[in-house]
Student: 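Please find one structure pasted underneath; my questions will follow.
Hydrogens, waters and symmetry mates are skipped; everything else that's a heavy atom, side chains included, is used. Quick caveat, the model's predicted, so the values are computed rather than measured.
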Amino acid sequence: MRKIDKLVIKNFLGPFVLTTLVVVFIFLLRFLMLYFDDFVGKDLGLKTFAQLFAYFSLITVPISLPLSTLLAALMSFGNLGEHTELTAIKSAGIPLGRVIMPTLVFTIFISIFSFWFNNNVTPWANLKGYSLLWDIRTTKVALNIQEGIFYREIPGYAIKVKEKLPDNETLKDVIVYNHTQRNGNKNVTVADSGRMYTMYNDHYLVFELYNGFNYSETKTNQGLNDTQFYRNGFKRNRLVFSLESFNMQKTSENQFKYHEYMKNISELKDQIDTAQIQIDQTAKTQLSYLKTMHTYQFKELPERWIVDSLTGDSTLLTIKPGAWIQEKMKLLDDSRRYEEIWTLSQSTAHSFASQLQNNHAILGSKRRTMYSADIERWHKYTYAVACLAMFIIGASLGSIIKKGGFGMPVLIAISFFILYYVMMQLADKNAKEGFIPVVVAVWIPDLILSIIGAIFISKATKDASIFDTEVYAKIWEKFLAILPKKKSPSLETSIE
């Protein structure tokens, strides 16, 4: 039995390592295509790109493990079935569950590793990777002065070159506008030719200009409109520009630590508790503010208003019928006062509704932040459980279809992974909006995959041919036999 266990483990281990590397590489290519425009034209160096790809390779490992586990299980058990090894093992009286057991134990260790990796390594890789990506995206494009176009990437200068020779150094008809004083085009240098090069390890750009003039204007203290115009000619002139702004600036990683992707489970739990306390305090503050802003008092009508002289009873003082209405109608006779009261009431109502909408938006934003942190916390567990669910599906389907290689297994694995990814995205989106409880939403994809895996494993233990077309053809024939058949009308002949 140990030899069979070694055979199954060996048959599973090779495809698992290979598919993990392939899946990580595919996700890395997706990342490269997504941010390709941010890398073009920037002289970053191989070391920077190597660090970036290393960080994002680590980031993709937790989401890659379920797919690689599914692919490896399909390929390994498909190969065993294709070479009749699985049939020989079953004929020896060994059930399928016992054959799967060693790889299942190995997958449990993969799930534990996925949980540990997602809780400890992934937050660190996210922090390093996304902070480095931000530095790359904010880095300016490398120096590239084109013919006939003003180049404004050097702070405080606008440079235009009419012609640029193939050596990328010799220039013709150069114009340099100096805007460092921010007073318009009042300092201009013109030259008929020049040479461009860098020095001190590309930290400075030098324009060596020949046969030109420098034009400048300076205001005098005599009057607002009095200016002095200067024109200086030169045979050779050097302009030196600092290229410090083109270097990649290192951003402090503390600016990215607030995001839930950069935190482990304990830090996420603290963030959720803090967010819940802030939501409760904000709701209480908003409620107390609304109560002080809109206070309504209902006063009883005074018992002594107008005395009815016809009663004759001095101890019983009542309101004369109709007197209160008459007094109020006198106030309503003034239409302008009525319109003012109505306008004030509308304005108060709109202000109250606007305040409620703003309060709702503030609380909604805080809740979405809390839900996002809670979703990220639960995904540390769900990615690990997804490895087990995917393995059960892959092992059962591999033993049923009995096909190895990268053909049918890859197609089936991608189909199930797309199903899992779509379910996860839809559930997460609804959970962030508060439509579904977070705990329910994050576990729905794993639960559905587990049910599918349980169905497939039950079919595999019974050697059910669920992918055999002849089985479905027989079922269709039986269904057609159940349907009532139409009787053909009999031909009756009559002799008149």
Side-chain angles (χ1 to χ4, degrees), residues 35-49 51-52 131-252 255:
Y35 296 102
F36 182 77
D37 293 339
D38 297 318
F39 302 149
V40 176
K42 297 179 180 180
D43 189 14
L44 300 174
L46 294 177
K47 181 180 179 181
T48 302
F49 281 110
Q51 290 178 346
L52 186 67
S131 60
L132 182 58
L133 178 62
W134 172 261
D135 296 338
I136 293 175
R137 297 181 69 179
T138 54
T139 300
K140 290 184 178 181
V141 179
L143 188 66
N144 184 18
I145 298 177
Q146 299 180 3
E147 296 178 351
I149 300 175
F150 276 103
Y151 186 79
R152 305 178 186 273
E153 294 298 328
I154 299 177
Y157 292 92
I159 303 172
K160 183 180 179 180
V161 176
K162 184 177 181 180
E163 185 180 358
K164 187 177 177 181
L165 298 185
D167 60 0
N168 289 327
E169 289 187 2
T170 307
L171 310 173
K172 297 292 185 181
D173 294 332
V174 182
I175 302 176
V176 180
Y177 287 90
N178 188 344
H179 295 155
T180 55
Q181 302 298 326
R182 297 182 180 181
N183 56 356
N185 298 327
K186 295 184 178 182
N187 192 330
V188 184
T189 302
V190 180
D192 62 358
S193 62
R195 192 166 68 93
M196 178 181 65
Y197 57 92
T198 58
M199 63 181 183
Y200 298 121
N201 295 326
D202 297 334
H203 285 84
Y204 294 92
L205 174 67
V206 179
F207 268 69
E208 195 169 297
L209 305 178
Y210 306 102
N211 302 324
F213 295 92
N214 176 259
Y215 304 94
S216 62
E217 293 182 7
T218 305
K219 288 185 178 182
T220 63
N221 297 327
Q222 297 177 359
L224 295 177
N225 296 325
D226 293 335
T227 59
Q228 292 183 354
F229 178 77
Y230 297 93
R231 179 172 178 259
N232 299 319
F234 59 84
K235 293 292 184 179
R236 179 176 176 270
N237 187 19
R238 291 182 66 188
L239 299 178
V240 181
F241 307 98
S242 175
L243 297 181
E244 183 180 0
S245 61
F246 289 85
N247 298 328
M248 188 175 67
Q249 306 295 326
K250 183 65 176 177
T251 307
S252 176
Q255 299 183 13

Student: Considering residues, nucleotides and ligands other than Leu46, do more than 12 of their heavy atoms fall under 6.0 Å from its CG?
Tutor: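 No, CG of Leu46 has 12 or fewer neighbouring heavy atoms, counting only those of other groups under 6.0 Å.
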Student: How long is the straight-line distance from OH of Tyr177 back to CD1 of Ile159, given to the nearest 0.5 Å?
Tutor: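 That separation rounds to 12.5 Å.
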Student: For Lys172 and Val161: C-alpha separation, side-chain torsions, deciding distance, then whether side-chain contact (heavy atoms from CB on, under 4.5 Å) applies.
Tutor: CA-CA 6 Å; Lys172 297 292 185 181; Val161 176; 5.9 Å; no
Student: Considering non-hydrogen atoms only, spot the tightest contact between Lys160 and Gly148 and give its length.
Tutor: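 So the minimum-distance heavy-atom pair works out to CE-O, 3.9 Å.
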Student: Considering non-hydrogen atoms only, spot the tightest contact between Lys162 and Glu147 and give its length.
Tutor: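 Result for this residue pair: O-CB, 3.8 Å.
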Student: Can Asn178 and Tyr157 be said to form a side-chain contact (heavy atoms from CB on, under 4.5 Å), step by step?
Tutor: CA-CA 5 Å; Asn178 188 344; Tyr157 292 92; 3.7 Å; yes
Student: Please determine whether side-chain contact (heavy atoms from CB on, under 4.5 Å) holds for the pair Val190 and Asp173, giving the CA-CA distance in whole Å, both sets of side-chain angles, and the decisive distance to 0.1 Å.
Tutor: CA-CA 7 Å; Val190 180; Asp173 294 332; over 6 Å; no
Student: How far does CE of Met196 sit from CG of Leu165, to the nearest 0.5 angstrom?
Tutor: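 Interatomic distance, Met196 CE to Leu165 CG, rounded to 0.5 Å: 10.5 Å.
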Student: Could I get the full list of side chain to side chain donor-acceptor pair (under 3.5 Å) partners for Tyr210, not counting sequence neighbours?
Tutor: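 Partners of Tyr210 by the side chain to side chain donor-acceptor pair (under 3.5 Å) criterion, ordered by chain and then number, come out as Glu208.
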Student: To the nearest 0.5 angstrom, please state how far the OG1 atom of Thr189 sits from the CZ atom of Phe207.
Tutor: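 Nearest 0.5 Å value for the OG1-CZ distance: 11.5 Å.
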Student: Please find the pair of heavy atoms, one from Gly233 and one from Phe213, that lie closest to each other, and give the distance.
Tutor: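 Smallest heavy-atom distance, with atoms named: CA-CD2, 3.4 Å.
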Student: To the nearest 0.5 Å, how far apart are NZ in Lys235 and CG in Asn211?
Tutor: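 Taking NZ in Lys235 and CG in Asn211, the distance rounds to 5.0 Å.
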Student: Can you tell me how far CZ of Arg238 sits from CG of Leu209, rounded to the nearest 0.5 angstrom?
Tutor: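 With rounding to 0.5 Å, CG (Leu209) is 11.0 Å from CZ (Arg238).
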Student: Which one of Val176, Ile175, Asn214 satisfies the side-chain contact (heavy atoms from CB on, under 4.5 Å) criterion with Val188?
Tutor: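 It is Ile175, the one option of Val176, Ile175, Asn214 that forms the side-chain contact (heavy atoms from CB on, under 4.5 Å) with Val188.
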